[in-house]
Amino acid sequence: RPKFYALEMLPYPSGFLHMGHVRNYAIGDALAWYKRLQGFNVMHPIGWDSFGQPAEQAAIKRGVNPRAWTEENIAHMRGQMQRLGISYDWSREIAAHRPEYYKWDQWFFLKMYERGLAYKKMSPVNWCPREGTVLSNEQSSGGICWRCGATVEKRDLEQWFLRITDYAEQLVADIKQIEAGWPEKVLKRQRDWVGRSEGAFIDFAVKDSKHKIRVFTTRIDTIYGATAVVLSTEHPLLDKLLAGSALKDDVARFAEKIRKQNAGGGRIMDQEEEKLGINTGVLAINPFSGETIPVWVANYVLMEYGTGAVMSVPAHDERDYEFAQKYSLPIRRVIERVSHEQESIVHDTLSEDQSLAMQHAFTDYGILVNSGEWSGKLSEVAMQEMASWAKAQGSGEAAVTFRIRDWGISRQRFWGAPVPIIYCPNCGTVPVPYDQLPVVLPETAAFTGTGESPLAGVPEFVNTTCPKCDGPARRETDTMDTFVDSSWYFFRYCDPRNEAAPFDPESARHWTPVDQYIGGDSHAVMHLIYTRFWTKVMRDLGLVSFDEPVTRLLTQGMVTNRVEGTDEWKAMSKSLGNGVDPDEMIAAFGADAARLFVLFAAPIENELRWSESGIEGAVRFLRRVYTMVWRWHERLSNTTTEDQSGPGLSEPSTGVRALRRKTHQTIARVTKDLEHLHFNTNIAALMELFNELSDFNANPANATAEDVFVVREALQALVVMLTPFAPHAAEEMWEALGHEGGLLKSARWPQADPELARSEELE
RNA sequence: GCCGGAGUGGCGAAAUUGGUAUACGCACCAGACUCAAAAUCUGGCGAGGUCAAACUCAUGUCGGUUCGAGUCCGACCUCCGGCACCA
């Protein structure tokens with residue numbers, strides 16, 4: 001049978017399912033059931049993202065053992081999933097905190113280390129003071145901790161990184177392979193995050209010096225308008241350029257002030273921030289015009305992007321314009337607007353007045369003016385030619401830069417996969433040999449919460465022997481970011497008990513890529529970028545043969561509830577007191593009604609507003625269908641050949657024709673909508689079919705053979721099509737209709753007869 | 001500021017390629033059943049208008065294309081989300 005891989009995002013075992021999980025799993029299970037009934041061989045696995053901060057926080061605050069705490073949570077949540085009746089293949093269950101899983105995190109780390117993709121460097125890292133740990137760039141976006149919201153600080157630490165920047169180009173280019181199946185808003189955020197930008201590096205020679213300042217620009221066509229070169233306060237050339245200068249101390253003081261503002265409190269500057277700068281007294285030479293322009297240092301130039309230096313073109317860049325206004329730097333216009341009527345007209349000269357009259361930077365493309373031999377050319381043309389010219393002159397080249405930076409995976413935490421590295425006084429940094437994996441976490445450690453790696457306080461872990469020289473050595477005490485665990489877990493499901501490899505490539509060839517992945521869009525950049533990166537690394541290791549791990553992605557909306565005493569709908573949470581306990585819902589209404597409601601109440605990508613009366617409506621519907629099935633139970637389960645022969649040769653009655661038409665129209669509509677995951681309209685269609693059945697109003701006691709036939713046809717279709725949304729009820733009703741061995745054995749997804757589904761008008 | 005997405009009853013929402021706007025459900029109203037209530041069943045339910053109908057007006061606003069526009073085009077308004085000195 002053809003395979004289908006339906007996957008929901010790996011949950012963190014916090015201890016309790018919330019309604020967002022219920023929605024997620026109801027969607028995945030509906031799809032899994034639909035595909036099974038269509039004859040697919042469906043893999044529908046689940047597991048646990050069981051490393052991470054909360055277990056450690058529980059250990060710090062309440063002294064519990066993180067492993068025991070985690071296992072208890074998993075046991076409880078597994079029970080909740082089973083009460084919901086999600087059809088998972090429990091034989092494939094995995095958990096990230098178990099050595100048989102994280103052994104392979106370490107294995108991948110070593111493979112990357114061998115290939116130079118994992119490396120260590122001293123680096124200013126994003127530091128969350130509240131949690132006492134390092135965060136990745138993604139996790140500290142906007143200068144606040146993604147988990148606790150604390151303001152992130154900068155600290156210098158030796159950190160392990162994965163070279164995701166080596167794959168930046170592919171992470172953008174390969175989007176075209178998945179754009180048909182992924183939501184545009186996710187792809188957009190990924191593109192933004194990778195931040196690919198085409199432009200050029202240009203070298204400005206420094207007057208009376210052998211040094212050159214390299215800038216990055218996307219607008220080389222504006223270079224004749226450059227009236228300054230501006231460096232970041234962190235720029236490494238700064239000290240050399242200022243050696244012996246009278247202004248040296250002033251500049252150093254300025255840089256220190258800015259550094260304090262930015263690092264202290266970790267605040268990321270925004271556009272409202274005032275631009276501050278200082279003239280270094282150094283002069284640079286524009287390689288195009290030969291003009292000499294001043295070199296400034298300013299707070300608005302970021303060291304982390306491009307080269308940490310820019311050419312300042314106030315006439316054609318808003319930031320440079322603002323900076324020039326403040327410090328009275330010249331503003332020289334070198335691009336003129338092109339209008340369609342006058343595309344051939346060149347404005348070669350502009351008066352000084354016109355330039356000074358600019359109220360804003362003109363940032364569009366246009367025609368170059370006051371640009372020497374390039375005057376009169378269109379921006380698009382000039383950019384290419386000027387980059388080539390610069391290269392020929394040895395003063396630059398066309399270049400592509402990216403915003404994404406390498407993935408820092410070091411965490412000064414206990415509850416994670418240990419980085420499999422040993423430091424030997426003689427041999428230096430030594431990778432743990434593969435046959436010594438896994439590097440097992442000790443049972444416990446001292447949880448001080450101070451930010452020191454807890455593993456550093458466990459001598460029997462730290463002290464080891466060097467694999468190379470057998471001398472005494474120390475283990476690395478950092479653990480890995482938990483996003484490592486979730487970057488490849490769905491490959492492990494294919495072959496979860498393999499002890500010789502993360503998975504057998506054969507089994508991955510069969511099951512992957514994932515046909516449908518379902519989860520919240522909060523993972524649009526972090527998890528979904530990392531897992532795409534990891535897949536490309538696995539491809540280069542020969543483990544998989546494709547570039548992209550997920551063919552179709554669905555991002556579900558949040559489940560919200562009214563906050564007591566307000567008109568606000570917010571995501572359910574304990575602190576707001578607007579949470580709904582899935583177990584209580586199951587106890588009060590049943591798992592099927594809860595699942596039916598969350599799928600019916602809104603399109604899955606929309607926010608879902610919780611409603612008690614809504615779920616009661618789902619109960620009512622299921623009860624009505626039940627009642628009808630039981631009314632017909634006896635007549636339908638005592639099948640005679642006559643009953644199954646169809647409406648015979650006689651002219652069918654209007655009512656019979658109408659019911660059959662509705663039945664087949666519904667089958668066609670539901671089948672089509674399910675392919676597009678429009679569960680809300682599917683369920684509405686099933687309700688319509690049921691209403692039509694009610695209107696048909698035949699009495700089982702004296703129904704004709706024809707009546708029995710059409711009622712059976714309609715009820716069977718209804719029950720089978722209800723299975724993805726209410727599997728328990730459907731199973732029971734299927735048996736009541738006279739079938740033995742259950743739905744999976746005796747039921748198939750119904751087929752629509754287009755002839756019967758044809759609308760009345762056409763007859 | 002830039003980039004996405006969305007505006008349809010009291011509410012969640014439907015509406016193939018432009019072709020009966022408001023399917024389905026919730027809430028509400030009336031009736032049946034009941035001593036009564038709940039549950040259940042039946043009917044009603046965009047607004048105005050009428051005994052009832054006819055009719056008029058309604059898919060954020062203003063224009064346009066078309067025999068015909070929720071849907072297409074132009075301008076604008078509002079809300080939600082993302083990014084935010086990325087050169």
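What you see is a predicted model, and the numbers here were worked out from it, not measured in a lab.
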Enquirer: Write down the distance separating the P atoms in U78(B) and C62(B), rounded off to the nearest Å.
Expert: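 The same atom, P, in both gives a distance of 16 Å.
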Enquirer: Can you tell me, in whole Å, how much space there is between the C1' of G60(B) and that of A6(B)?
Expert: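 After rounding to an integer number of Å, I get 11 Å for this pair.
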Enquirer: Rounding to a whole Å, what distance do you find between Y305(A):OH and C85(B):P?
Expert: 13 Å
Enquirer: For the side chain of T218(A), counting heavy atoms from C-beta on, which of C85(B), A87(B), G4(B) is nearest?
Expert: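 Among C85(B), A87(B), G4(B), the one nearest the side chain of T218(A) is A87(B).
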Enquirer: Measure the distance from CG on L599(A) to C1' on G25(B) and round it to the nearest whole Å.
Expert: 14 Å
Enquirer: Which one is paired to U78(B), where only Watson-Crick or G-U wobble pairs with both distances under 3.5 angstrom count?
Expert: A6(B)
Enquirer: Picking from A84(B), A87(B), A27(B), which would you name as closest to the side chain of R403(A)?
Expert: A84(B)
Enquirer: I'd like the P distance from A84(B) over to G48(B), given in whole Å.
Expert: 49 Å
Enquirer: Please compare G308(A) and F600(A) by the position of their nearest nucleotide in RNA chain B and report the one closer to 5'.
Expert: F600(A)
Enquirer: Can you check the R669(A) CZ to C24(B) P distance for me, whole Å?
Expert: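 Taking CZ of R669(A) and P of C24(B), I get 10 Å after rounding.
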Enquirer: Using a cut-off of 4.0 Å on non-hydrogen atoms, how would the nucleic acid contact of S611(A) be classed: base, sugar-phosphate, or nothing?
Expert: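 Answer is nothing: S611(A) stays at 4.0 Å or more from every strand.
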Enquirer: Could you label the plane-to-plane angle of the W407(A) and Y530(A) rings as parallel, tilted or perpendicular, counting under 30° as parallel and over 60° as perpendicular?
Expert: parallel
Enquirer: Should N680(A) be listed as having a side-chain N or O under 4.0 Å from OP1 or OP2 of A14(B)?
Expert: yes
Enquirer: State whether R624(A) places a side-chain N or O below 4.0 Å from either non-bridging phosphate oxygen (OP1 or OP2) of C41(B).
Expert: yes
Enquirer: Select base, sugar-phosphate, or nothing to describe what G195(A) touches, counting heavy atoms under 4.0 Å on all strands.
Expert: nothing
Enquirer: Could you give the distance separating A47(B) and G10(B) at their P atoms, to the nearest angstrom?
Expert: 7 Å
Enquirer: So if I take every side-chain heavy atom of R623(A) and compare against A13(B), C24(B), A39(B), which nucleotide ends up nearest?
Expert: A39(B)
Enquirer: Consider the side chain of M687(A), meaning its heavy atoms from C-beta on, and name the nucleotide among A87(B), C24(B), C26(B) that approaches it most closely.
Expert: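 The listed nucleotide nearest to M687(A)'s side chain is C24(B).
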Enquirer: Quick one: is the NZ or CZ of R403(A) closer than 6.0 Å to the six-membered ring centre of W193(A), and within 45° of its axis?
Expert: yes
Enquirer: What's the base orientation of G12(B): syn (chi within 90° of 0) or anti?
Expert: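 It is anti.
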Enquirer: Checking D320(A) against Y300(A): is there a side-chain donor and acceptor pair closer than 3.5 Å?
Expert: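 Yes, side-chain donor-acceptor contact under 3.5 Å.
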Enquirer: Work out how far the P atom of U71(B) is from that of G64(B), and round it to whole angstrom.
Expert: 14 Å
Enquirer: For the pair R669(A) and E688(A), find out whether any cationic side-chain nitrogen is under 4.0 Å from an anionic carboxylate oxygen.
Expert: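 Salt bridge: yes.
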Enquirer: Can you tell me the pairing partner of G1(B) across any strand shown, Watson-Crick or G-U wobble, with both distances under 3.5 angstrom?
Expert: C83(B)
Enquirer: Under a 3.5 Å limit for both distances, which nucleotide forms a Watson-Crick or G-U wobble pair with G43(B), could you say?
Expert: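 Result: C29(B).
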Enquirer: Dump the intermediate steps for side-chain contact (heavy atoms from CB on, under 4.5 Å) on N286(A) and Y224(A), then the final yes or no.
Expert: CA-CA 8 Å; N286(A) 183 330; Y224(A) 280 81; 5.6 Å; no
Enquirer: I615(A) CD1 to A27(B) P: how many Å, rounded?
Expert: 13 Å
Enquirer: May I have the distance from Q325(A) (atom CD) to C85(B) (atom P), rounded to whole angstrom?
Expert: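 It is 21 Å, rounded to the nearest whole Å.
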Enquirer: What distance, rounded to whole Å, do you find between the two P atoms, one in C79(B) and one in G31(B)?
Expert: 44 Å
Enquirer: Stepwise, does the salt bridge (Lys or Arg N to Asp or Glu O under 4.0 Å) test hold for E616(A) with R623(A)?
Expert: CA-CA 10 Å; E616(A) 281 165 9; R623(A) 192 183 289 139; over 6 Å; no
Enquirer: Give a yes or no on this: more than 12 heavy atoms of other residues, nucleotides or ligands lie within 6.0 Å of atom CD of Q384(A).
Expert: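 No.
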Enquirer: Let me know the distance between CD of E605(A) and P of A6(B), rounded to the nearest Å.
Expert: 10 Å
Enquirer: For the NZ atom on K326(A), are there more than 12 heavy atoms of other groups (residues, nucleotides or ligands in this structure) within a distance under 6.0 Å?
Expert: yes
Enquirer: In this structure, how many angstroms lie between the P atom of A39(B) and the OH atom of Y626(A), rounded?
Expert: 21 Å
Enquirer: Examine G25(B): is either OP1 or OP2 under 4.0 Å from a nitrogen or oxygen in the side chain of N691(A)? Give yes or no.
Expert: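 Answer is yes, contact under 4.0 Å.
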Enquirer: Tell me the interatomic distance from E304(A), atom CD, to A87(B), atom P, rounded to whole angstroms.
Expert: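 So the CD-P distance, E304(A) to A87(B), works out to 14 Å.
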Enquirer: Where each residue is assigned the nucleotide of RNA chain B containing its nearest heavy atom, which of A309(A) and L608(A) is assigned the position nearer the 5′ end?
Expert: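 This one resolves to L608(A).
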Enquirer: Say you pick atom C1' in G46(B) and the same atom in A13(B); how far apart are they, in whole Å?
Expert: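 Each nucleotide's C1' atom is 15 Å from the other's.
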Enquirer: Tell me the partner of A23(B), counting only Watson-Crick (N1-N3 plus N6-O4 or O6-N4) or G-U wobble (N1-O2 and O6-N3) with both under 3.5 Å; none if nothing fits.
Expert: none
Enquirer: Out of C3(B), C85(B), A13(B), which nucleotide sits closest to the side chain of K188(A)?
Expert: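 Of all the options, the side chain of K188(A) is nearest to C3(B).
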Enquirer: Provide the distance between the two C1' atoms, one in C11(B) and one in C45(B), to the nearest whole Å.
Expert: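 Approximately 14 Å lies between the C1' atom of C11(B) and that of C45(B).
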Enquirer: If you look at every strand shown and take non-hydrogen atoms under 4.0 Å, does R609(A) touch a base, only sugar-phosphate, or nothing?
Expert: nothing
Enquirer: Give a yes/no on whether any side-chain N or O of R620(A) is located under 4.0 angstrom from OP1 or OP2 of A27(B).
Expert: yes
Enquirer: Taking any heavy-atom pair under 4.0 Å as a contact, classify V301(A): base, sugar-phosphate, or nothing.
Expert: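 Here V301(A) touches the bases of the nucleic acid.
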Enquirer: Within less than 4.0 Å of OP1 or OP2 of C24(B), is there a side-chain N or O belonging to T681(A)?
Expert: no
